[in-house]
Every structure is written in C-alpha cells, then in structure tokens.
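See structure below.
For ligands, and for the atoms within them, numbers begin at 1 and follow the listed sequence.
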Amino acid sequence: MTGYEKKTSEVDTSVAFPSDASFPPDLSLVIPVFNEEENLPILYDKLIESLSKLELTWEAIFVDDGSSDNSYLELSKIAARDARVKAVRFSRNFGQTAALAAGIDHSTGVVIVPLDADLQNDPVDIQSLVQKLGEGYDVVSGWRINRHDALVSRKIPSWIANKIISLVSGVSLHDYGCSLKAYRRSILKDIRLYGEMHRFVPIYASWLGAKVTEMPVTHHPRIHGQSKYGISRTFKVILDLITVKFMASCFTKPIYLFGSVGICAIMLAFAAFVWMVVLKFWFHTTFIQTPLPVLGSMFFLVGVQCILMGLLSEMLMRTYHESQGKQIYRVKEVLNLPNSHD
Ligand code: UDP
Ligand code: MG
C-alpha cells in the first residue's frame, strides 16, 4: 500500500462537480493545449473514467497555448460543468514548455502530472505513475516503449537524442520526451523552464538530489489534429542540452570553462610562435612561408576573448544569484533550524 493509493469509489460524471473541498488536491494534471478541439471532450471523459477509480482529489489545469481553433470554447464548456477543470489562456502561442510552466505555476496539487491533450498519453497510466511516486520517488518519468509516431522524423532522432542526453547528463532514462510524468511539487519549486527544456526536468531534479525513476506507459497514435513538431525539434533539444550541461557544470563558476578554453588557445598561440621562430632560425623558413603567424594571432585573440567572456559571465552569474537571492546550494533538511526553503 503506497501513500497515494486509496480505495475505489464510483463517481457520477453526469452531474456538475463543485471544486474539491480538500485543499490542496492530491493531484494536479497539467495539460498544454494547442489546437486540440476534437480531442478535449474525449480527453475529459477519459480523465474522469481513470481518476474516478483512484479516489484522489484532483484538479486539471489546461493551458490553451494560443489555439486558433475552438479549443478554448471546448475548455470553457468543460470548466462550466466541472470546477476541478481550470484553464489558462495564452495571448499567443508560446510553446509547449511555456504552457507547461504556466500550468505548474497555477497548480496547487501535491503531485503534478503533465500530459498531452492529444490522447497520445493514456490517463489510465496516471494511477501507476502516482503509485510509483508513493514508493519514495520524487520524479517518475513515462517511457513510451511502443511509441506511435513517425519513424524517420521522430522516433530515430529521438532515440539518438535520448542516448546523448543520458550520456551527457549522467541520468539514465530511455524517453525524456514523454510528456506523461509525475513529480512531487517540492522538486519543481526551484526549476525554471525555457526553450524545449521541459524534457530536462528529471535531469534538473536529479542534479538537485531528487530520486528519479521511469516506468513504461502506453502511447497511442494521434487520431485527431496534427503533431506540432518535426525533425527540427531534435536540433533545439540538442542545443538546449548544451545549455543545460553548461548551466549545471559551471553555472556558479563560468570563468572555469571560458578561462580553460582561453588558456588552451593562448598556449596554442604561444606554441605557434615558438615553432615560427624555430623554423626561421634553424630551418630558414620565413614567417610568411607558413600559416603560423595567422594561426598564432588567431589563437591569441580567441584566448583573450574567451577569458574576457568568462569574466563577463562571472559578472552576469553574480548579478543573477544576488539579485534574485538564489542560493548556490540546496538544503534537504535541517534540525532545530528554520528551513529557509519551505
Ligand atoms: N502543444 C502546445 N504548444 C505548442 C505545441 C504543442 O501546447 O506550441 C501541446 C499539444 O497541444 C499537445 C502537446 O503539446 O497537447 C504535445 O504536442 P504534439 O502532440 O504536437 O507533440 P508530439 O506528440 O508530436 O511530440
Ligand atoms: Mg502528440
């Protein structure tokens, strides 16, 4: 028996639901929506079907990411019937990561479960994810073992990206891109999302000391509407990965990265200079007969630039931490002390 498991109850979905009396709810579902009008009513029915078996209190935060179809109208119809359904509407399309961030910001549940609105994730899996979380994990990530997406433009690039991400991040998951995950709220508190970075939340969380695991989830082909992504997403993911890795490894000391590259470049410049002199005086080759003067000055300039960039980013980093009162560490627990992270 886990912390989140409760006995089964029957819920009549035909009547209007008041907002749940208990606050905060056990579960917040966060659902980014971009032109999914046909999927929303079906998704709501499926959610009710699965969640009624759980007897957890829940809320569903739908974030309409600037849809140009009737998605918001559909949401307002559902929200009028059921106060547990809440909606946030963006002024324009800001992207899935922003929608997810907004949903999390507006949610109150103890556990947060993001999922897609297009019925590719199956709400039936919510139960097992939440139960797994109850076993003592902070993040349970879905793994679409049998993924129903295009092979060449999605599955193969994603397979490669997942391998690279695992290698670079040191966190071993098979499917970062799966939206269906379960998080304890406490772990999301200090995580800010940018770009395509929602997939990296388990990595951030793990770096902050969270216990992360994965479990297989069902994945359905998309029936209504269209996927919003193609192969270009893979490049964004790789670029985001570089940013994440950089932030993690030298965010508090960027001069170490820039400075090391700078010193290497200056050493290469110096080696080019020495070799130039050796060639001239011992092998009678004039400076301009070799590419060494150009190479030497290029390396020298790159080196100086890198060190200056390192200093600049040190200043930026300090401004960031000091202006926002950010800590360079994270406390798990304290004894006989107030916990400033609560
Ligand atoms: N989505 C969004 N904003 C966007 C693109 C997508 O909110 O700019 C939502 C979309 O409605 C869906 C989820 O994000 O609920 C995943 O999108 P999609 O199904 O297109 O991605 P795929 O499953 O093909 O990776
Ligand atoms: Mg989809």
Exactly one of T97, N93, N35 clears side-chain hydrogen bond (donor to acceptor under 3.5 Å, both in side chains) with D65, and that residue is N93

Could you check whether Q96 and Y229, counting side-chain N and O atoms only, form a donor-acceptor pair closer than 3.5 Å? yes

Report yes or no: do E74 and N39 form a side-chain donor-acceptor pair below 3.5 Å? no

Spacing of [X] atom [atom1] and [Y] atom [atom2] [to the nearest 0.5 Å]:
X: H224; Y: D118; atom1: NE2; atom2: CG; value: 10.5 Å
X: R147; Y: H174; atom1: CZ; atom2: NE2; value: 14.5 Å
X: K181; Y: D125; atom1: NZ; atom2: CG; value: 13.5 Å
X: L27; Y: W58; atom1: CG; atom2: CH2; value: 9.0 Å
X: M215; Y: Y137; atom1: CE; atom2: OH; value: 10.5 Å

Should the pair H148 and H219 be assigned to parallel (<30°), tilted (30 to 60°) or perpendicular (>60°) ring geometry? parallel

For the residue pair F200 and Y176, categorise the inter-ring angle as parallel (less than 30°), tilted (30 to 60°) or perpendicular (more than 60°). tilted

Looking only at protein heavy atoms, which one is nearest to [atom], and what is the separation?
atom: atom 9 (C) of ligand 1; answer: P32 O, 3.7 Å
atom: atom 18 (P) of ligand 1; answer: R222 NH2, 3.6 Å
atom: atom 24 (O) of ligand 1; answer: S227 OG, 2.5 Å
atom: atom 17 (O) of ligand 1; answer: Y229 CE1, 3.7 Å
atom: atom 1 (N) of ligand 1; answer: F34 CB, 3.7 Å
atom: atom 19 (O) of ligand 1; answer: D118 OD2, 2.5 Å

Just which atoms of ligand 1 are under 4.0 Å from any heavy atom in [X]?
X: A117; answer: 15 (O)
X: R154; answer: 22 (P), 24 (O), 25 (O)
X: G95; answer: 3 (N), 8 (O)
X: R233; answer: 25 (O)
X: N93; answer: 3 (N), 4 (C), 8 (O)

Would you find more than 12 non-hydrogen atoms of other residues, nucleotides or ligands less than 6.0 Å from F287 atom CZ? yes

Identity of the nearest option to atom 10 (C) of ligand 1, non-hydrogen atoms only, from Q120, H219, K228, E36: E36

I'd like the name of whichever of D65, V33, D116 reaches closest to atom 13 (C) of ligand 1 through any heavy atom. D116

Cluster question for you: counting only ILVMFWY and a side-chain heavy-atom cut-off of under 4.5 Å, with indirect links fine, are L311 and V304 together? yes

Distance under 6.0 Å and angle within 45° of the ring axis: does K86 meet both against F62? no

Give yes or no for whether the N/O distance cutoff of 3.5 Å, strictly under, is met between A99 and ligand 1. no

Pull up every protein N/O/S atom sitting under 2.8 Å from the Mg ion (ligand 2), skipping waters. D118 OD2, Q120 OE1

